[in-house]
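Written out below as structure tokens is the structure these notes cover.
Side-chain atoms are counted along with the backbone in the values below, which use heavy atoms only and exclude waters and symmetry mates. Numbered from 1 within each chain, the chains take letters A, B, ... in sequence-line order.
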Protein chains: 2
Amino acid sequence: MVTINDCGIMEDYYNHFPLSDYFGFDIHPYISIIQFDSEESLLQEGRIPHFLYYLIEGRAKLFLSQGNGRISLINFLNAPCFIGEMELLGAQEVANGVTAITPCTCYAIRVNECKDKILNDTKFLRYLCLFLSQKAIGNTYNYSKNQSYPLEVRLANFILITSCNRVYCERHTEVSEFLGVTYRHLLYVLANFVKSGYLKKTKSGYYIQDLDALRKIAESNQ
Amino acid sequence: MVTINDCGIMEDYYNHFPLSDYFGFDIHPYISIIQFDSEESLLQEGRIPHFLYYLIEGRAKLFLSQGNGRISLINFLNAPCFIGEMELLGAQEVANGVTAITPCTCYAIRVNECKDKILNDTKFLRYLCLFLSQKAIGNTYNYSKNQSYPLEVRLANFILITSCNRVYCERHTEVSEFLGVTYRHLLYVLANFVKSGYLKKTKSGYYIQDLDALRKIAESNQ
DNA sequence: AGTCTGATATGAGAAATCTCATATTGCTTT
DNA sequence: AAAGCAATATGAGATTTCTCATATCAGACT
């Protein structure tokens, strides 16, 4: 974790990733820029957060751990987005866990210094409502899917969405958490896809050999 | 579905269920009062809603149906709460389905007549953010639980929460949807509880015979 | 190269959950 | 009361998913 204080660099970020769309007042005095390495925590589960983050570059994951040691990956967080907004509002005191997947660069807003301004800023509040709604809708859609279809269908979908140039190469541990099944079971279903000739294991990932078959499986859904 | 226009009755409702906590301007000119019977739709899935509702009495359920005919019960909505707020913001165009469980009385706000006022009302926006956050947190928690524990554990919990005077008497169809399992499986696990002597089937519902045992099962969670 | 270690993968059997066919129950209607 | 019908309940076997033990692999260290 590195905090950037150099004014020149900060100016540069402000120009490339402006905040004026979200705030009706000048938020710059309350901002630091923080960079996280991959695997670092942005918010620690159960702790009271210090900042409202705005993720400008990178990808993180939001998770919730259960008493039995199991971890639910609730969502992937992709730039640009706010992180820690629920805690800001007081909807929950302590944070859910958020961990960087790739290196992440964030504006860290010192809310304790400008809470009043923020909570009276129509522009920000309106945007936040929209953001919260969209997040909720996405989550809900995801939950509902997870419960309604066997892994085969959901995985086919997931592969189609996340593959790049016909190559699927996500980390199995992450995916199994996101799809809400055990690592073992994910591998099992994936192996089935290979056995059926839909995928082919290569050094750089799984190559999609039979796109149509995969689509057909995914569609037993729609 | 009945719309109440009688000014006297409306005044009465306003006095008992005031809206001044949520709005910074006078919202009354834009309100009707609507009553729904149980099983009636407040929002029809896939349709564009006309109103923002504020549920003042009653209990409803929010669901989402899947291509394979399966229905996910996303949440129970208990008074007091807003319904249709995401659609108001434009976060989604068409509504999720909302159906009354008990008879429901709502303030129906004609948003097309006061959208500007509403979307510039700090008081309302702040409250809405909070409301959305809490809803999201609840959903997430529920979702995470649903995936992390077998039905036995979740059902024990659910029974403890929803039972009244040691009697559990929810509708199985609703519960199975909410807990994300088939009706059959719910009955199966419930029958096990009876066989183990934790519950006893009576005319008025299932009587909790062994509270401790049920708690112990539910706690294999926490 | 050898070995340690953590991450990743596989095997096998058990448990959870689903599907579908068939009963049973409780209302209406006649 | 009989018949019809929808809601509710049960049985049995198939699938999906899990658990846990073991195996393989890749990089770090010696």
Side-chain angles (χ1 to χ4, degrees), chain A residues 38-39 61 66-73 99 101 143-158 168-196 199-206 217-218 220-221, chain B residues 38-39 61 66-73 99 101 143-158 168-196 199-206 217-218 220-221:
Chain A
S38 56
E39 306 298 314
K61 57 182 176 177
Q66 299 291 165
N68 63 1
R70 202 159 161 174
I71 295 172
S72 298
L73 199 174
T99 304
I101 296 175
Y143 308 161
S144 171
K145 273 273 152 63
N146 270 359
Q147 286 202 332
S148 302
Y149 296 92
L151 181 61
E152 192 183 41
V153 176
R154 291 180 280 137
L155 181 59
N157 245 313
F158 188 80
Y168 166 77
C169 60
E170 301 293 316
R171 292 177 57 188
H172 297 157
T173 43
E174 256 165 34
V175 175
S176 66
E177 284 169 10
F178 183 64
L179 295 177
V181 297
T182 48
Y183 174 85
R184 182 69 193 89
H185 189 51
L186 173 66
L187 272 271
Y188 178 80
V189 173
L190 210 48
N192 266 353
F193 283 174
V194 173
K195 204 187 317 180
S196 307
L199 299 178
K200 195 174 163 191
K201 209 169 172 176
T202 70
K203 211 179 290 182
S204 60
Y206 290 79
I217 293 176
S220 53
N221 139 352
Chain B
S38 56
E39 305 298 314
K61 57 181 176 179
Q66 298 291 164
N68 62 0
R70 201 160 163 174
I71 294 171
S72 298
L73 200 174
T99 304
I101 296 175
Y143 160 67
S144 172
K145 272 273 153 63
N146 269 359
Q147 282 203 164
S148 302
Y149 296 92
L151 181 60
E152 192 183 39
V153 176
R154 291 180 281 138
L155 181 58
N157 245 313
F158 188 80
Y168 167 77
C169 61
E170 301 293 315
R171 292 177 57 188
H172 298 327
T173 43
E174 256 165 34
V175 176
S176 66
E177 284 168 10
F178 183 62
L179 295 178
V181 297
T182 49
Y183 174 84
R184 182 67 193 90
H185 189 53
L186 174 65
L187 272 270
Y188 177 80
V189 173
L190 210 47
N192 267 352
F193 282 175
V194 173
K195 205 187 314 179
S196 308
L199 298 179
K200 195 176 164 189
K201 210 170 172 174
T202 71
K203 210 180 288 180
S204 60
Y206 289 79
I217 292 175
S220 54
N221 139 351

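- Rounded to whole Å, the distance from OH on B:Tyr188 to C1' on D:dA12 is 11 Å.
- Taking each heavy atom of B:Arg154 and B:Tyr149 in turn, the nearest pair found is NE-O, 2.8 Å.
- Put simply, CG on A:Leu187 is 13 Å from P on D:dC18, counting in whole angstrom units.
- Dashed line: the shortest gap from a side-chain N or O of A:Arg154 to OP1 or OP2 of D:dT17 is under 4.0 Å.
- Shortest non-hydrogen contact noted between A:Leu186 and A:His172 is CD2-O, 3.4 Å.
- Rounded to an integer number of Å, the gap from B:Lys201 NZ to D:dA9 C1' is 7 Å.
- Rounded to an integer number of Å, the gap from B:Tyr149 OH to D:dT17 P is 20 Å.
- Across the protein-nucleic acid pair, B:Leu179 atom CG and C:dA16 atom C1' stand 14 Å apart, rounded to whole Å.
- Contact check, A:Thr182 against D:dC18: a side-chain N or O comes under 4.0 Å of OP1 or OP2.
- At whole-Å resolution of the value, OH in A:Tyr183 and P in D:dA21 are 18 Å apart.
- One atom, CG of A:Leu151, and another, C1' of C:dC18, lie 15 Å apart when rounded to the nearest Å.
- To the nearest angstrom, C1' of C:dT8 lies 16 Å from CD of A:Glu170.
- The phosphate of D:dT16 has neither OP1 nor OP2 within less than 4.0 Å of any side-chain N or O from A:His185.
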Chi angles and distances behind the side chain to side chain contact (heavy atoms under 4.5 Å, CB included) call for B:Phe193, B:Ile217: CA-CA 11 Å; B:Phe193 282 175; B:Ile217 292 175; 4.0 Å; yes
Decide side chain to side chain contact (heavy atoms under 4.5 Å, CB included) for A:Phe158 and A:Glu170; before the verdict, give the C-alpha distance in whole Å, the side-chain angles of both, and the deciding distance to 0.1 Å. CA-CA 10 Å; A:Phe158 188 80; A:Glu170 301 293 316; 4.0 Å; yes
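- Relative to the side chain of A:Pro150, the nucleotides D:dA9, D:dT16, D:dG11 differ in distance, and D:dT16 lies closest.
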